[in-house]
Amino acid sequence: NEQHIYDRSLMDYWNLFAIERTHYHEGLEKVKKLGLAEGKAQGALQMLISLVRDGMLSLEAAAHKASMSESALKALTDK
């Protein structure tokens, strides 16, 4: 009977580990996707800033594309 309890507790522990591992991997995938999305957004913003600095895109058009105010984007282009 004690062996059955011991086996059962090991099985419960293993199941908990498997569940936690699944949640960990799901969470890791979500973080990766969020990181990639943020990286793409930052890259797009940097490209817009570069185009404004080079005079190839107006501040107004870049701000519209970035969904930012012109003053906020100007502050970034002036850095």
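Numbers here are sequence positions counted from 1. These numbers were taken from a predicted model, which means no experiment stands behind them.
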>> Could you work out, with salt bridge (Lys or Arg N to Asp or Glu O under 4.0 Å) as the rule, every residue matching Lys65, not counting sequence neighbours?
In response: none
With a cut-off of 3.5 Å and sequence neighbours excluded, list every side-chain donor-acceptor pair involving residues 29-41.
none

> Looking at Ala63 and Leu73, what are the two nearest heavy atoms and their distance?
Replying inline: N-CD2, 3.3 Å
>> I need the minimum non-hydrogen distance between Ser58 and Ala61, along with the two atoms involved.
In response: OG-N, 3.0 Å
>> I'd like to know whether CD of Glu60 has more than 12 heavy-atom contacts from other residues, nucleotides or ligands below 6.0 angstrom.
In response: no
Which donor-acceptor pairs under 3.5 Å do the side chains of residues 48-55 make with protein atoms, sequence neighbours left out?
from, atom 1, to, atom 2, distance (Å)
Arg53, NE, Thr77, O, 3.0
Arg53, NH2, Leu76, O, 3.1
Arg53, NH2, Thr77, O, 3.3
Arg53, NH2, Lys79, O, 3.1

